[in-house]
> 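The structure under discussion is supplied below as structure tokens; questions concerning it will follow.
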Amino acid sequence: MRTEILSLLRERGDYVSGQELCERFGVSRTAVWKAVEQLKKDGYEIEAVRNRGYLLREEGKPSVFGRTELESRLRETALWAGKPLYYYESLDSTNLQAKRLAEEGTPHGALVVADRQTAGRGRRGRSWSSPAGSNLYFTILLRPKISPDKASMLTLVMALAIAEGISQVCAGSGGDQAESARATAEGGIFQVCAGSQVVQKPGIKWPNDIVLDGRKVCGILTEMSLSVEQDSIQYVVIGAGINVAKQDFPEEMRNRAVSLEEIYGPVGRSRLLVAVMRAFEKNYEEFIGAESLAPLKDRYEALLLNRGRKVQVLDPKGEFEGTALGIRDTGELLVELPEGEVREIYAGEVSVRGIYGYV
Ligand code: BTN
């Protein structure tokens with residue numbers, strides 16, 4: 001009931017009488033009072049005034065993060081992405097938990113979120129630093145009815161959703177305005193907004209790192225399980241870690257990692273996660289409808305920092321350099337070699353580095 005009361009108070013933005021809450025949820029006044037007390041303990045400021053009722057005060061307050069807050073915000077927006085929600089104060093890894101839940105039959109759209117991970121996992125067997133109270137660590141469980149060779153595109157679908165979610169919450173614009181954004185040599189995108197204000201927007205380093213100010217702000221790890229016959233997808237989990245609050249990054253990452261707070265000031269984790277889920281849900285539907293990235297390609301390429309830049313392709317069969325042109329509808333990066341040959345680079349097989357820096 002806490003979630004429902006929180007949603008109603010937020011939606012109303014005004015006093016809601018105890019009587020109305022009792023009637024709406026079919027509970028006693030004491031039960032309402034207890035739920036409100038619990039919300040206060042969770043960190044919400046709720047004013048109780050005799051003869052008027054309860055008022056949620058949120059403006060200028062540090063944002064609350066946790067199960068009730070996320071559930072209440074997800075109720076207001078998402079259709080399926082983020083439902084059901086599994087929230088944990090501490091977990092080994094949200095990807096590992098999502099896979100365990102998937103094996104138990106948990107449905108498409110379920111979202112696993114943790115405030116802290118004790119065994120956060122990155123790509124290529126690396127670990128992902130996951131301290132409490134600072135960042136977003138989440139994994140969505142999907143059961144797409146597409147052939148397994150198309151699943152790697154889902155990582156790009158999520159990368160786009162995260163970049164768009166960050167733009168919306170932090171830089172005050174949606175992905176649709178990305179066309180007017182300009183990629184800079186420093187590895188960022190600047191958007192000129194109303195009033196000539198210049199706001200930095202996140203870009204994407206192919207296939208799925210989100211970059212701000214030439215440094216990584218988010219990483220994505222996608223894992224898939226196939227049916228016994230290996231010809232269809234049992235489930236896919238897409239996990240993402242977004243650096244939100246200012247923090248001391250581990251030594252080896254210090255020059256290559258950045259947090260949203262460093263660029264934009266304090267950012268509410270719950271609001272951001274819900275914006276990402278909303279963007280993901282929309283992008284996913286478009287992707288599934290076309291079974292390709294074609295409907296998302298222009299928006300993805302507008303944010304693609306590698307585009308037009310010199311890249312080094314670390315192919316186990318032999319490294320080479322070229323200029324990144326963009327992506328194919330199926331997600332491969334197109335790289336033009338000095339002699340004019342254009343090669344398709346498959347994510348997962350090779351890694352791509354900027355010649356003059358991280359991007
Ligand atoms: C990368 O190496 O860039 C990918 C990092 C992915 C980290 C996220 S945090 C949430 C989810 N759970 C994990 O254990 N890893 C992913």
Side-chain angles (χ1 to χ4, degrees), residues 1-89 111 113-116 132-138 165-174 193-195 197 199 242 244-246 259-261 264-279 281:
M1 190 181 48
R2 249 188 292 168
T3 311
E4 286 83 358
I5 291 184
L6 181 62
S7 297
L8 184 61
L9 292 180
R10 182 172 283 139
E11 193 185 297
R12 190 70 58 84
D14 199 352
Y15 287 92
V16 181
S17 73
Q19 182 68 27
E20 180 179 342
L21 292 171
C22 294
E23 281 166 13
R24 176 80 75 106
F25 304 117
V27 293
S28 66
R29 271 181 181 272
T30 317
V32 167
W33 179 82
K34 274 191 186 153
V36 169
E37 286 305 302
Q38 196 52 56
L39 284 169
K40 285 185 187 168
K41 274 203 196 110
D42 290 345
Y44 296 96
E45 190 181 326
I46 299 176
E47 223 175 78
V49 175
R50 194 185 285 272
N51 294 330
R52 293 190 78 184
Y54 299 100
L55 173 74
L56 176 67
R57 289 213 179 271
E58 283 194 301
E59 239 162 78
K61 300 278 173 310
S63 67
V64 180
F65 188 66
R67 185 193 313 275
T68 315
E69 172 69 11
L70 284 169
E71 259 173 5
S72 132
R73 287 194 184 269
L74 284 166
R75 270 164 61 97
E76 291 161 26
T77 54
L79 296 171
W80 56 265
K83 288 173 190 169
L85 170 75
Y86 294 85
Y87 176 83
Y88 305 86
E89 293 293 329
L111 179 65
V113 183
D115 184 44
R116 155 181 188 255
S134 312
N135 302 318
L136 275 173
Y137 317 111
F138 63 91
I166 293 174
S167 286
Q168 195 208 328
V169 169
C170 308
S173 69
C193 297
Q197 197 193 350
V199 184
I242 308 180
V244 180
K246 269 190 199 147
S259 69
L260 295 176
E261 186 176 5
Y264 302 112
V267 173
R269 285 184 287 168
S270 318
R271 252 188 88 206
L272 176 60
L273 179 54
V274 173
V276 169
M277 281 300 113
R278 210 183 303 153
E281 193 170 85

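Source: prediction; values computed, not measured.
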> Distance check, rounded to the nearest 0.5 Å: Lys83 atom NZ versus Glu281 atom CD?
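Lys83 atom NZ to Glu281 atom CD measures 8.0 Å (nearest 0.5 Å).
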> Checking Arg2 against Asp42 for the side chain to side chain contact (heavy atoms under 4.5 Å, CB included) test, could you report, in this order, the C-alpha distance in whole Å, the side-chain angles of both residues, the deciding distance, and whether it holds?
CA-CA 10 Å; Arg2 249 188 292 168; Asp42 290 345; 2.8 Å; yes
> For residues Cys170 and Tyr264, report the shortest heavy-atom separation together with the two atoms involved.
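Scanning both residues completely, I find the closest heavy atoms to be CB-CD1, 3.4 Å.
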> Do Arg75 and Glu4 have side chains that approach each other closer than 4.5 Å (heavy atoms only, starting at C-beta)?
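A side-chain contact exists here, since the closest heavy-atom pair is under 4.5 Å.
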> Can you tell me how far apart CG (Leu272) and CZ (Phe65) are? Round to the nearest 0.5 Å.
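Between atom CG of Leu272 and atom CZ of Phe65 there are 9.5 Å.
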> For Pro266 and Glu261, work out which heavy atoms get closest and say how close.
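Looking at all heavy atoms of both residues, the shortest contact is N-CG, 3.8 Å.
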> Taking CG in Asn51 as the centre, count heavy atoms belonging to other residues, nucleotides or ligands within less than 6.0 Å. Is the count above 12?
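Counting neighbours around CG of Asn51, 12 or fewer heavy atoms of other residues, nucleotides or ligands fall under 6.0 Å, so no.
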> Which atom names give the shortest non-hydrogen contact between Ala31 and Met1, and what distance separates them?
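Result for this residue pair: O-CE, 3.7 Å.
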> Any idea which heavy atoms bring Ser259 and Val244 closest together, and the distance?
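In this case the closest contact between Ser259 and Val244 is CB-O, 3.7 Å.
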> Would you mind reporting whether Val169 and Leu260 have side-chain heavy atoms less than 4.5 Å apart?
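Side chain of Leu260 against side chain of Val169, heavy atoms only: no contact under 4.5 Å found.
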> So do the side chains of Val36 and Tyr44 get within less than 4.5 Å of each other, counting heavy atoms only?
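Val36 vs Tyr44: side chains apart.
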> Could you measure the distance from the CG atom of Leu55 to the CG atom of Leu9? Nearest 0.5 Å is fine.
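Output value for this atom pair is 8.0 Å.
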> Verify, without hydrogens or angle tests, whether Ser7 (side chain) and Ile5 (backbone) share a donor-acceptor contact under 3.5 angstrom.
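Pair absent, no side-chain N/O of Ser7 close to backbone of Ile5.
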> Quick one: closest heavy-atom pair of Met277 and Leu111, and the distance?
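Closest pair (atom of Met277, atom of Leu111, distance): CE-CD1, 3.9 Å.
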> Between Arg24 and Glu20, is there a side-chain N and carboxylate O pair less than 4.0 Å apart?
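Looking at Glu20 together with Arg24, the answer is yes, because their closest N to O distance falls below 4.0 Å.
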> Is it the case that Arg10 and Ser72 place a side-chain donor and acceptor less than 3.5 Å from each other?
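The criterion, which ignores hydrogens and geometry beyond distance, is satisfied for Ser72 and Arg10.
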> Working to the nearest 0.5 Å, report the span between CZ of Arg269 and OG of Ser134.
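With rounding to 0.5 Å, CZ (Arg269) is 7.0 Å from OG (Ser134).
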> Hey, could you give me the CG/OH distance between Leu39 and Tyr54, rounded to the nearest 0.5 Å?
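If I round to the nearest 0.5 Å, the distance is 10.5 Å.
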> For the atom pair CZ (Arg67) and CG (Asp115), what is the distance rounded to the nearest 0.5 Å?
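Arg67 atom CZ to Asp115 atom CG measures 12.0 Å (nearest 0.5 Å).
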> What I want to find out is whether Lys40 reaches Glu37 closely enough, with some N-O distance under 4.0 Å, to be called a salt bridge.
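Judged by the 4.0 Å cut-off on N to carboxylate O distance, Lys40 and Glu37 do form a salt bridge.
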